[in-house]
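Structure record follows, encoded as C-alpha coordinates.
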Amino acid sequence: MNFTLMIDSMPALLRGTVVTIQLLAVTLTLGMALAVPLAILRVQRAPLLSWPVRAYIYFFRGTPLLVQIFLFYYGLAQFDAVRESLFWPYLRQPYVCALLTFVLHTAAYTANILRGAMEAVPAGEVEAARACGMRPAQVYRLILLPRAFRLGLPAYSNEVIGMLKGTSLASTVTVMELTGVANTIVAQSFSPYEIFVAAALIYLAITFVLTRALALVEHHWSRHMRPVDVPAAKVGQEEAHA
Amino acid sequence: MDILQGWGEAIARGAAVTVAVALMALALGLVWGVLGALARLSSSRILRRLGTIYTTVIRGTPELLIILIVYFGGTVALTALARKIVPDAGYVEVPSIAAGVFALSLIFGGYAAETIRGAFQAIPRGQIEAAEAFGLTGWVGFVHIRFPLMWRYALPALGNNWISLVKDTSLISVVGLEELMRVSAMATSVTREPFIFYLVAALVYLALTFVNTTLLGWMEARSQRGERRG
(Lines give C-alpha, C1' and ligand atoms only; values in the text may rest on other atoms or scores of the structure.)
Protein backbone atom coordinates (compact mmCIF):
# COMPACT_ATOMS: atom_id res chain seq x y z
CA MET A 1 0.00 0.00 0.00
CA ASN A 2 1.37 3.35 -1.09
CA PHE A 3 -0.32 5.77 1.30
CA THR A 4 1.41 8.83 -0.16
CA LEU A 5 -0.25 8.13 -3.50
CA MET A 6 -3.61 7.66 -1.74
CA ILE A 7 -3.29 11.04 -0.03
CA ASP A 8 -1.95 12.76 -3.15
CA SER A 9 -4.93 11.54 -5.17
CA MET A 10 -7.48 12.65 -2.59
CA PRO A 11 -8.14 16.14 -4.01
CA ALA A 12 -8.89 14.67 -7.45
CA LEU A 13 -11.04 11.91 -5.97
CA LEU A 14 -12.98 14.42 -3.90
CA ARG A 15 -13.61 16.53 -7.00
CA GLY A 16 -15.02 13.37 -8.57
CA THR A 17 -17.09 12.80 -5.47
CA VAL A 18 -18.70 16.21 -5.90
CA VAL A 19 -19.72 15.25 -9.45
CA THR A 20 -21.09 11.92 -8.19
CA ILE A 21 -23.19 13.61 -5.50
CA GLN A 22 -24.38 16.21 -8.01
CA LEU A 23 -25.43 13.49 -10.46
CA LEU A 24 -27.22 11.60 -7.69
CA ALA A 25 -29.04 14.65 -6.31
CA VAL A 26 -30.33 15.84 -9.70
CA THR A 27 -31.23 12.26 -10.72
CA LEU A 28 -33.24 11.60 -7.57
CA THR A 29 -35.04 14.96 -7.68
CA LEU A 30 -36.06 14.79 -11.34
CA GLY A 31 -36.66 11.04 -11.07
CA MET A 32 -39.14 11.52 -8.25
CA ALA A 33 -40.88 14.35 -10.13
CA LEU A 34 -41.36 11.98 -13.04
CA ALA A 35 -42.18 8.91 -10.94
CA VAL A 36 -45.23 10.37 -9.17
CA PRO A 37 -47.30 11.03 -12.30
CA LEU A 38 -46.11 7.71 -13.79
CA ALA A 39 -47.19 5.80 -10.69
CA ILE A 40 -50.60 7.49 -10.74
CA LEU A 41 -51.04 6.54 -14.41
CA ARG A 42 -49.88 3.02 -13.62
CA VAL A 43 -52.63 2.38 -11.05
CA GLN A 44 -55.43 3.60 -13.35
CA ARG A 45 -57.97 1.00 -14.44
CA ALA A 46 -58.05 2.24 -18.06
CA PRO A 47 -55.58 0.06 -20.02
CA LEU A 48 -54.75 2.95 -22.34
CA LEU A 49 -53.32 4.83 -19.36
CA SER A 50 -51.65 2.00 -17.45
CA TRP A 51 -50.17 -0.10 -20.25
CA PRO A 52 -47.71 2.42 -21.71
CA VAL A 53 -46.36 3.03 -18.21
CA ARG A 54 -46.25 -0.71 -17.58
CA ALA A 55 -44.15 -1.18 -20.73
CA TYR A 56 -41.90 1.73 -19.77
CA ILE A 57 -41.26 0.30 -16.31
CA TYR A 58 -40.71 -3.19 -17.73
CA PHE A 59 -38.11 -1.94 -20.20
CA PHE A 60 -36.09 0.11 -17.72
CA ARG A 61 -36.21 -2.56 -15.01
CA GLY A 62 -35.51 -5.45 -17.37
CA THR A 63 -32.40 -4.13 -19.14
CA PRO A 64 -28.98 -3.19 -17.73
CA LEU A 65 -28.34 0.48 -16.98
CA LEU A 66 -25.21 0.27 -19.14
CA VAL A 67 -27.26 -0.60 -22.24
CA GLN A 68 -29.61 2.25 -21.49
CA ILE A 69 -26.73 4.75 -21.26
CA PHE A 70 -25.19 3.54 -24.53
CA LEU A 71 -28.59 3.57 -26.21
CA PHE A 72 -29.02 7.24 -25.32
CA TYR A 73 -25.45 8.45 -25.69
CA TYR A 74 -24.40 6.60 -28.85
CA GLY A 75 -27.82 5.51 -30.16
CA LEU A 76 -29.57 8.86 -30.36
CA ALA A 77 -26.75 10.37 -32.40
CA GLN A 78 -27.60 7.93 -35.19
CA PHE A 79 -30.69 9.96 -36.10
CA ASP A 80 -30.29 13.09 -38.21
CA ALA A 81 -33.46 14.46 -36.67
CA VAL A 82 -31.81 14.39 -33.26
CA ARG A 83 -28.55 15.86 -34.51
CA GLU A 84 -30.37 18.73 -36.21
CA SER A 85 -32.71 19.38 -33.34
CA LEU A 86 -32.61 22.18 -30.81
CA PHE A 87 -31.52 19.79 -28.07
CA TRP A 88 -28.40 18.48 -29.81
CA PRO A 89 -25.96 20.88 -28.10
CA TYR A 90 -27.13 19.31 -24.82
CA LEU A 91 -27.66 15.73 -25.96
CA ARG A 92 -24.13 15.48 -27.33
CA GLN A 93 -22.70 16.10 -23.87
CA PRO A 94 -21.94 12.86 -22.02
CA TYR A 95 -22.92 14.43 -18.69
CA VAL A 96 -26.40 15.40 -19.92
CA CYS A 97 -26.93 12.04 -21.61
CA ALA A 98 -25.90 10.07 -18.53
CA LEU A 99 -28.11 12.25 -16.36
CA LEU A 100 -31.07 11.85 -18.68
CA THR A 101 -30.68 8.06 -18.65
CA PHE A 102 -30.36 7.98 -14.86
CA VAL A 103 -33.53 10.07 -14.47
CA LEU A 104 -35.56 7.77 -16.74
CA HIS A 105 -34.02 4.71 -15.05
CA THR A 106 -34.74 5.74 -11.47
CA ALA A 107 -38.19 7.05 -12.42
CA ALA A 108 -39.13 3.55 -13.58
CA TYR A 109 -37.94 1.91 -10.37
CA THR A 110 -39.46 4.62 -8.16
CA ALA A 111 -42.79 4.52 -10.01
CA ASN A 112 -42.86 0.77 -9.48
CA ILE A 113 -42.20 1.19 -5.75
CA LEU A 114 -44.91 3.85 -5.47
CA ARG A 115 -47.30 1.66 -7.43
CA GLY A 116 -46.79 -1.23 -5.04
CA ALA A 117 -47.14 1.10 -2.05
CA MET A 118 -50.35 2.67 -3.36
CA GLU A 119 -51.82 -0.78 -3.88
CA ALA A 120 -50.87 -1.65 -0.30
CA VAL A 121 -52.84 1.26 1.17
CA PRO A 122 -55.86 -0.36 2.86
CA ALA A 123 -59.00 0.05 0.73
CA GLY A 124 -60.91 1.25 3.80
CA GLU A 125 -58.79 4.40 4.02
CA VAL A 126 -59.56 5.34 0.43
CA GLU A 127 -63.25 4.59 0.97
CA ALA A 128 -63.23 6.72 4.12
CA ALA A 129 -61.65 9.59 2.18
CA ARG A 130 -64.32 9.30 -0.51
CA ALA A 131 -67.06 9.10 2.12
CA CYS A 132 -65.73 12.37 3.54
CA GLY A 133 -66.45 13.90 0.15
CA MET A 134 -62.92 14.09 -1.25
CA ARG A 135 -62.54 14.44 -4.97
CA PRO A 136 -60.23 11.92 -6.74
CA ALA A 137 -57.42 14.48 -6.90
CA GLN A 138 -57.76 15.10 -3.18
CA VAL A 139 -57.71 11.39 -2.41
CA TYR A 140 -54.35 11.14 -4.22
CA ARG A 141 -52.88 14.29 -2.74
CA LEU A 142 -54.05 13.90 0.84
CA ILE A 143 -54.37 10.13 1.35
CA LEU A 144 -52.88 7.80 -1.26
CA LEU A 145 -49.59 9.53 -2.05
CA PRO A 146 -48.59 10.44 1.53
CA ARG A 147 -49.38 6.89 2.63
CA ALA A 148 -47.50 5.46 -0.34
CA PHE A 149 -44.41 7.55 0.44
CA ARG A 150 -44.32 6.13 3.94
CA LEU A 151 -45.00 2.54 2.86
CA GLY A 152 -42.52 2.70 -0.01
CA LEU A 153 -39.71 4.35 1.93
CA PRO A 154 -37.73 1.19 2.84
CA ALA A 155 -37.74 0.06 -0.80
CA TYR A 156 -36.91 3.59 -1.93
CA SER A 157 -33.90 3.65 0.41
CA ASN A 158 -32.53 0.65 -1.48
CA GLU A 159 -33.20 2.44 -4.76
CA VAL A 160 -31.27 5.51 -3.56
CA ILE A 161 -28.23 3.36 -2.72
CA GLY A 162 -28.63 1.48 -6.02
CA MET A 163 -28.69 4.76 -7.91
CA LEU A 164 -25.60 6.03 -6.07
CA LYS A 165 -23.78 2.95 -7.33
CA GLY A 166 -25.39 3.39 -10.75
CA THR A 167 -23.84 6.83 -11.18
CA SER A 168 -20.47 5.06 -11.49
CA LEU A 169 -21.58 3.97 -14.98
CA ALA A 170 -21.36 7.59 -16.14
CA SER A 171 -17.61 6.94 -16.28
CA THR A 172 -18.19 4.62 -19.27
CA VAL A 173 -19.22 7.67 -21.33
CA THR A 174 -16.22 9.72 -20.10
CA VAL A 175 -17.97 11.62 -17.30
CA MET A 176 -15.36 12.35 -14.64
CA GLU A 177 -17.24 11.32 -11.53
CA LEU A 178 -15.65 9.35 -8.71
CA THR A 179 -15.14 6.05 -10.59
CA GLY A 180 -14.05 7.89 -13.74
CA VAL A 181 -11.41 9.87 -11.83
CA ALA A 182 -10.20 6.73 -10.03
CA ASN A 183 -9.94 4.85 -13.31
CA THR A 184 -7.91 7.66 -14.89
CA ILE A 185 -5.47 7.82 -11.97
CA VAL A 186 -5.05 4.03 -12.07
CA ALA A 187 -4.31 4.17 -15.81
CA GLN A 188 -1.50 6.67 -15.10
CA SER A 189 -0.02 5.23 -11.90
CA PHE A 190 -1.06 1.59 -12.24
CA SER A 191 -1.65 1.18 -8.55
CA PRO A 192 -5.20 -0.12 -8.56
CA TYR A 193 -5.35 -1.11 -4.89
CA GLU A 194 -4.65 2.30 -3.40
CA ILE A 195 -6.87 4.32 -5.72
CA PHE A 196 -9.82 1.94 -6.12
CA VAL A 197 -9.87 1.14 -2.41
CA ALA A 198 -9.85 4.88 -1.64
CA ALA A 199 -12.75 5.35 -4.08
CA ALA A 200 -14.63 2.42 -2.55
CA LEU A 201 -14.18 3.93 0.92
CA ILE A 202 -15.67 7.21 -0.30
CA TYR A 203 -18.66 5.36 -1.77
CA LEU A 204 -19.08 3.46 1.50
CA ALA A 205 -19.02 6.73 3.43
CA ILE A 206 -21.74 8.19 1.17
CA THR A 207 -23.79 4.99 1.50
CA PHE A 208 -23.45 5.19 5.27
CA VAL A 209 -24.62 8.81 5.44
CA LEU A 210 -27.53 8.15 3.04
CA THR A 211 -28.67 5.04 4.94
CA ARG A 212 -28.56 6.94 8.22
CA ALA A 213 -30.46 9.92 6.79
CA LEU A 214 -33.15 7.71 5.27
CA ALA A 215 -33.48 5.76 8.52
CA LEU A 216 -34.07 9.07 10.31
CA VAL A 217 -36.82 9.99 7.83
CA GLU A 218 -38.35 6.55 8.32
CA HIS A 219 -38.23 6.98 12.09
CA HIS A 220 -39.83 10.41 11.81
CA TRP A 221 -42.60 9.25 9.48
CA SER A 222 -43.54 6.31 11.68
CA ARG A 223 -43.91 8.32 14.90
CA HIS A 224 -47.68 7.70 14.90
CA MET A 225 -46.95 3.94 15.10
CA ARG A 226 -44.75 4.13 18.19
CA PRO A 227 -46.22 3.72 21.66
CA VAL A 228 -46.69 7.04 23.37
CA ASP A 229 -44.21 7.66 26.16
CA VAL A 230 -46.46 7.84 29.17
CA PRO A 231 -44.68 7.81 32.54
CA ALA A 232 -45.66 4.69 34.44
CA ALA A 233 -46.61 6.64 37.57
CA LYS A 234 -49.13 8.69 35.67
CA VAL A 235 -50.82 5.59 34.26
CA GLY A 236 -51.14 4.26 37.78
CA GLN A 237 -52.68 7.50 39.01
CA GLU A 238 -55.26 7.50 36.26
CA GLU A 239 -56.22 3.99 37.17
CA ALA A 240 -56.59 5.02 40.78
CA HIS A 241 -59.06 7.71 39.72
CA ALA A 242 -61.14 5.37 37.63
CA MET B 1 -32.00 -10.96 -40.36
CA ASP B 2 -31.12 -8.19 -42.77
CA ILE B 3 -31.36 -5.59 -40.03
CA LEU B 4 -28.49 -7.28 -38.15
CA GLN B 5 -26.22 -7.18 -41.23
CA GLY B 6 -24.68 -10.57 -40.54
CA TRP B 7 -24.07 -9.90 -36.87
CA GLY B 8 -26.87 -12.20 -35.71
CA GLU B 9 -24.61 -15.16 -35.02
CA ALA B 10 -22.04 -13.07 -33.12
CA ILE B 11 -24.79 -11.56 -30.98
CA ALA B 12 -26.19 -15.02 -30.22
CA ARG B 13 -22.69 -16.16 -29.19
CA GLY B 14 -22.36 -13.05 -27.02
CA ALA B 15 -25.68 -13.83 -25.37
CA ALA B 16 -24.47 -17.39 -24.71
CA VAL B 17 -21.33 -16.00 -23.02
CA THR B 18 -23.55 -13.70 -20.93
CA VAL B 19 -25.66 -16.64 -19.74
CA ALA B 20 -22.59 -18.83 -19.10
CA VAL B 21 -20.84 -16.10 -17.08
CA ALA B 22 -24.00 -15.45 -15.07
CA LEU B 23 -24.44 -19.16 -14.29
CA MET B 24 -20.82 -19.56 -13.18
CA ALA B 25 -21.05 -16.46 -10.99
CA LEU B 26 -24.31 -17.80 -9.55
CA ALA B 27 -22.77 -21.13 -8.58
CA LEU B 28 -19.72 -19.52 -6.96
CA GLY B 29 -21.80 -16.68 -5.50
CA LEU B 30 -24.12 -19.12 -3.73
CA VAL B 31 -21.07 -20.59 -2.00
CA TRP B 32 -20.04 -17.10 -0.76
CA GLY B 33 -23.65 -16.43 0.17
CA VAL B 34 -24.03 -19.54 2.32
CA LEU B 35 -20.60 -19.00 3.91
CA GLY B 36 -21.44 -15.34 4.55
CA ALA B 37 -24.78 -16.24 6.10
CA LEU B 38 -23.22 -18.91 8.33
CA ALA B 39 -20.53 -16.42 9.38
CA ARG B 40 -23.19 -13.86 10.32
CA LEU B 41 -25.14 -16.47 12.30
CA SER B 42 -22.06 -17.99 13.91
CA SER B 43 -21.42 -17.91 17.64
CA SER B 44 -17.93 -16.53 17.08
CA ARG B 45 -17.79 -12.75 17.29
CA ILE B 46 -14.90 -12.47 14.82
CA LEU B 47 -16.79 -14.46 12.19
CA ARG B 48 -19.94 -12.38 12.70
CA ARG B 49 -17.86 -9.22 12.29
CA LEU B 50 -16.22 -10.52 9.11
CA GLY B 51 -19.59 -11.50 7.66
CA THR B 52 -21.02 -8.06 8.37
CA ILE B 53 -18.01 -6.31 6.85
CA TYR B 54 -18.30 -8.47 3.71
CA THR B 55 -21.99 -7.74 3.09
CA THR B 56 -21.70 -4.05 3.99
CA VAL B 57 -18.71 -3.40 1.75
CA ILE B 58 -20.19 -5.29 -1.20
CA ARG B 59 -23.59 -3.65 -0.96
CA GLY B 60 -22.16 -0.16 -0.56
CA THR B 61 -19.62 -0.22 -3.40
CA PRO B 62 -20.56 0.18 -7.08
CA GLU B 63 -20.54 -3.10 -9.01
CA LEU B 64 -18.37 -1.49 -11.70
CA LEU B 65 -15.75 -0.51 -9.12
CA ILE B 66 -15.66 -4.07 -7.71
CA ILE B 67 -15.10 -5.45 -11.20
CA LEU B 68 -12.28 -2.92 -11.81
CA ILE B 69 -10.67 -3.74 -8.45
CA VAL B 70 -10.71 -7.49 -9.13
CA TYR B 71 -9.48 -7.10 -12.71
CA PHE B 72 -6.68 -4.56 -12.24
CA GLY B 73 -5.89 -5.66 -8.69
CA GLY B 74 -5.65 -9.27 -9.85
CA THR B 75 -3.37 -8.29 -12.72
CA VAL B 76 -1.01 -6.41 -10.42
CA ALA B 77 -0.95 -9.30 -7.93
CA LEU B 78 -0.36 -11.92 -10.62
CA THR B 79 2.39 -9.83 -12.22
CA ALA B 80 4.15 -9.39 -8.86
CA LEU B 81 3.89 -13.12 -8.27
CA ALA B 82 5.26 -13.94 -11.72
CA ARG B 83 8.20 -11.57 -11.21
CA LYS B 84 9.06 -13.35 -7.98
CA ILE B 85 9.46 -16.55 -9.97
CA VAL B 86 10.83 -15.14 -13.23
CA PRO B 87 12.43 -11.73 -12.47
CA ASP B 88 12.04 -10.31 -16.00
CA ALA B 89 8.46 -11.46 -16.59
CA GLY B 90 6.13 -8.99 -18.36
CA TYR B 91 2.59 -8.14 -17.39
CA VAL B 92 0.46 -11.13 -16.52
CA GLU B 93 -3.13 -10.15 -17.22
CA VAL B 94 -6.02 -11.84 -15.49
CA PRO B 95 -8.42 -13.18 -18.14
CA SER B 96 -11.43 -10.87 -18.15
CA ILE B 97 -13.80 -13.83 -17.85
CA ALA B 98 -12.11 -15.07 -14.66
CA ALA B 99 -12.03 -11.58 -13.13
CA GLY B 100 -15.63 -10.99 -14.19
CA VAL B 101 -17.00 -14.25 -12.81
CA PHE B 102 -15.11 -13.79 -9.54
CA ALA B 103 -16.20 -10.16 -9.09
CA LEU B 104 -19.84 -10.92 -9.92
CA SER B 105 -19.83 -13.92 -7.58
CA LEU B 106 -18.58 -11.69 -4.75
CA ILE B 107 -21.36 -9.19 -5.48
CA PHE B 108 -24.05 -11.88 -5.68
CA GLY B 109 -22.68 -13.50 -2.51
CA GLY B 110 -22.87 -10.21 -0.59
CA TYR B 111 -26.57 -9.85 -1.30
CA ALA B 112 -27.29 -13.59 -1.03
CA ALA B 113 -25.64 -13.76 2.40
CA GLU B 114 -28.21 -11.32 3.77
CA THR B 115 -31.06 -13.19 2.07
CA ILE B 116 -29.89 -16.61 3.26
CA ARG B 117 -29.28 -15.37 6.80
CA GLY B 118 -32.84 -14.09 6.93
CA ALA B 119 -34.13 -17.37 5.48
CA PHE B 120 -32.32 -19.46 8.10
CA GLN B 121 -33.87 -17.28 10.78
CA ALA B 122 -37.32 -17.58 9.19
CA ILE B 123 -37.42 -21.37 9.66
CA PRO B 124 -40.03 -22.01 12.37
CA ARG B 125 -38.33 -23.02 15.62
CA GLY B 126 -40.72 -25.95 16.03
CA GLN B 127 -39.55 -27.61 12.84
CA ILE B 128 -35.93 -27.57 14.00
CA GLU B 129 -37.00 -28.87 17.40
CA ALA B 130 -39.01 -31.64 15.74
CA ALA B 131 -35.94 -32.60 13.71
CA GLU B 132 -33.80 -32.63 16.83
CA ALA B 133 -36.39 -34.79 18.59
CA PHE B 134 -35.94 -37.31 15.79
CA GLY B 135 -32.21 -37.26 16.38
CA LEU B 136 -31.42 -35.10 13.34
CA THR B 137 -28.93 -32.83 15.06
CA GLY B 138 -25.76 -31.04 14.07
CA TRP B 139 -24.48 -31.57 10.55
CA VAL B 140 -27.15 -34.15 9.61
CA GLY B 141 -29.94 -31.81 10.69
CA PHE B 142 -28.32 -28.97 8.78
CA VAL B 143 -28.00 -30.92 5.52
CA HIS B 144 -31.40 -32.64 5.65
CA ILE B 145 -33.65 -30.14 7.41
CA ARG B 146 -32.35 -26.60 7.82
CA PHE B 147 -30.63 -26.22 4.46
CA PRO B 148 -33.56 -27.48 2.32
CA LEU B 149 -36.08 -25.48 4.39
CA MET B 150 -33.97 -22.36 4.00
CA TRP B 151 -34.47 -22.43 0.21
CA ARG B 152 -38.20 -21.96 0.50
CA TYR B 153 -37.75 -18.67 2.33
CA ALA B 154 -34.71 -17.49 0.37
CA LEU B 155 -35.95 -18.21 -3.15
CA PRO B 156 -38.01 -15.06 -3.90
CA ALA B 157 -35.21 -12.67 -2.86
CA LEU B 158 -32.48 -14.84 -4.40
CA GLY B 159 -34.46 -14.76 -7.64
CA ASN B 160 -34.31 -10.96 -7.65
CA ASN B 161 -30.57 -11.11 -6.95
CA TRP B 162 -30.17 -13.48 -9.88
CA ILE B 163 -32.03 -11.16 -12.26
CA SER B 164 -29.74 -8.31 -11.14
CA LEU B 165 -26.74 -10.57 -11.66
CA VAL B 166 -27.69 -11.25 -15.28
CA LYS B 167 -27.94 -7.52 -15.93
CA ASP B 168 -24.65 -6.86 -14.11
CA THR B 169 -22.79 -9.18 -16.51
CA SER B 170 -22.97 -6.28 -19.00
CA LEU B 171 -20.41 -4.48 -16.81
CA ILE B 172 -17.72 -7.05 -17.61
CA SER B 173 -17.68 -5.67 -21.15
CA VAL B 174 -15.78 -2.72 -19.62
CA VAL B 175 -12.77 -4.99 -18.96
CA GLY B 176 -13.03 -6.56 -22.41
CA LEU B 177 -15.05 -9.77 -22.13
CA GLU B 178 -16.82 -10.44 -25.41
CA GLU B 179 -20.31 -10.94 -24.04
CA LEU B 180 -23.56 -9.53 -25.39
CA MET B 181 -22.76 -5.90 -24.61
CA ARG B 182 -19.23 -5.99 -26.03
CA VAL B 183 -20.33 -7.76 -29.21
CA SER B 184 -23.03 -5.13 -29.69
CA ALA B 185 -20.46 -2.37 -29.24
CA MET B 186 -18.23 -4.06 -31.82
CA ALA B 187 -21.16 -4.30 -34.22
CA THR B 188 -21.94 -0.61 -33.81
CA SER B 189 -18.40 0.43 -34.61
CA VAL B 190 -18.54 -1.49 -37.90
CA THR B 191 -22.11 -0.80 -39.00
CA ARG B 192 -22.39 2.72 -37.54
CA GLU B 193 -25.87 1.91 -36.32
CA PRO B 194 -25.57 2.16 -32.53
CA PHE B 195 -29.28 2.61 -31.92
CA ILE B 196 -30.25 -0.62 -33.68
CA PHE B 197 -27.58 -2.75 -32.04
CA TYR B 198 -27.94 -1.42 -28.51
CA LEU B 199 -31.69 -1.83 -28.88
CA VAL B 200 -31.18 -5.44 -29.97
CA ALA B 201 -28.92 -5.99 -26.95
CA ALA B 202 -31.57 -4.42 -24.71
CA LEU B 203 -34.23 -6.74 -26.17
CA VAL B 204 -32.05 -9.81 -25.58
CA TYR B 205 -31.57 -8.77 -21.93
CA LEU B 206 -35.31 -8.17 -21.70
CA ALA B 207 -35.95 -11.67 -23.04
CA LEU B 208 -33.51 -13.13 -20.49
CA THR B 209 -35.29 -11.26 -17.69
CA PHE B 210 -38.63 -12.56 -18.95
CA VAL B 211 -37.43 -16.17 -19.06
CA ASN B 212 -35.94 -15.81 -15.58
CA THR B 213 -39.07 -14.32 -14.00
CA THR B 214 -41.19 -17.08 -15.54
CA LEU B 215 -38.79 -19.77 -14.37
CA LEU B 216 -38.61 -18.30 -10.88
CA GLY B 217 -42.38 -18.11 -10.59
CA TRP B 218 -42.52 -21.81 -11.36
CA MET B 219 -39.71 -22.62 -8.92
CA GLU B 220 -41.36 -20.62 -6.15
CA ALA B 221 -44.64 -22.44 -6.64
CA ARG B 222 -42.77 -25.75 -6.57
CA SER B 223 -40.79 -24.86 -3.45
CA GLN B 224 -44.04 -24.25 -1.60
CA ARG B 225 -45.75 -27.47 -2.56
CA GLY B 226 -45.42 -28.83 0.99
CA GLU B 227 -46.90 -25.70 2.58
CA ARG B 228 -50.33 -25.68 4.12
CA ARG B 229 -52.66 -23.33 2.35
CA GLY B 230 -55.63 -21.59 3.86
Side-chain angles (χ1 to χ4, degrees), chain A residues 20 55 58-79 82 158 161-172 177-180 182-183 185-187 189-211, chain B residues 18 53 56-77 79 91 107 111 160 163-174 180-182 184-185 188-189 191-210 212-213:
Chain A
T20 292
Y58 195 77
F59 179 82
F60 277 94
R61 278 170 42 96
T63 57
L65 181 55
L66 187 65
V67 180
Q68 292 162 18
I69 292 183
F70 281 16
L71 202 53
F72 278 93
Y73 183 60
Y74 297 111
L76 282 184
Q78 192 186 321
F79 300 104
V82 175
N158 285 336
I161 304 301
M163 207 54 238
L164 164 69
K165 297 193 286 174
T167 57
S168 68
L169 296 192
S171 66
T172 59
E177 43 64 72
L178 183 47
T179 304
N183 211 1
I185 301 177
V186 169
S189 64
F190 217 78
S191 19
Y193 291 119
E194 290 85 348
I195 304 303
F196 283 144
V197 167
L201 287 176
I202 296 177
Y203 276 112
L204 280 173
I206 305 176
T207 306
F208 181 76
V209 171
L210 284 176
T211 326
Chain B
T18 289
I53 291 174
T56 314
V57 167
I58 291 293
R59 294 189 306 161
T61 313
E63 291 80 0
L64 180 62
L65 195 56
I66 296 175
I67 290 174
L68 292 174
I69 291 175
V70 170
Y71 180 71
F72 289 111
T75 300
V76 165
T79 306
Y91 269 121
I107 295 164
Y111 286 89
N160 286 338
I163 287 171
S164 297
L165 169 64
V166 173
K167 290 187 285 175
D168 285 344
T169 56
S170 64
L171 299 179
I172 316 180
S173 65
V174 172
L180 179 54
M181 196 63 208
R182 183 83 175 177
S184 308
T188 63
S189 61
T191 60
R192 306 250 160 233
E193 284 191 335
F195 190 81
I196 301 285
F197 281 95
Y198 289 131
L199 190 64
V200 168
L203 291 177
V204 175
Y205 282 113
L206 215 53
L208 287 176
T209 305
F210 176 76
N212 281 325
T213 30

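Note that the structure is predicted; figures quoted are calculated from it, not measured.
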Mind listing the closest non-hydrogen atom pair of [X] and [Y] along with its distance?
X: A:Y74; Y: B:P194; answer: O-CG, 3.2 Å
X: A:Q78; Y: B:R192; answer: CG-O, 4.1 Å
X: A:T172; Y: B:L64; answer: CG2-CD2, 4.4 Å

Heavy-atom cut-off 4.5 Å, strictly under: side chain, backbone, both or neither for [X] against chain B?
X: A:T211; answer: neither
X: A:F59; answer: both
X: A:I161; answer: side chain
X: A:Y58; answer: both
X: A:T63; answer: both

Item checked: Intermediate values then yes/no, side chain to side chain contact (heavy atoms under 4.5 Å, CB included), A:S168 and B:L65 -> CA-CA 8 Å; A:S168 68; B:L65 195 56; 5.9 Å; no

Check: Between B:T56 and A:F208, is any pair of side-chain heavy atoms under 4.5 Å apart?
Finding: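 No, their side chains stay 4.5 Å or more apart.
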
Next item on the list: Determine the interplanar angle of the A:F70 and B:Y198 rings, folded into 0 to 90°, and report it as parallel if under 30°, tilted if 30 to 60°, perpendicular if over 60°.
Entry: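 Answer is perpendicular, since the angle exceeds 60°.
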
Notebook entry, point to check: With only heavy atoms counted, which part of B:S173 is less than 4.5 Å from chain A, the side chain, the backbone, both or neither?
Noted result: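 When you check distances to chain A, only side chain atoms of B:S173 fall under 4.5 Å.
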
Check: Side chain of B:K167, backbone of A:L66: donor and acceptor closer than 3.5 Å?
Finding: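 Pair absent, no side-chain N/O of B:K167 close to backbone of A:L66.
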
Checklist line | Residue selection (most heavy-atom pairs with chain B, distance under 4.5 Å) from A:T207, A:I195, A:V67, A:L65 | finding: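 Heavy-atom pairs under 4.5 Å are most numerous for A:V67.
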
Notebook entry, point to check: Can A:T179 and B:L68 be said to form a side chain to side chain contact (heavy atoms under 4.5 Å, CB included), step by step?
Noted result: CA-CA 9 Å; A:T179 304; B:L68 292 174; 4.0 Å; yes

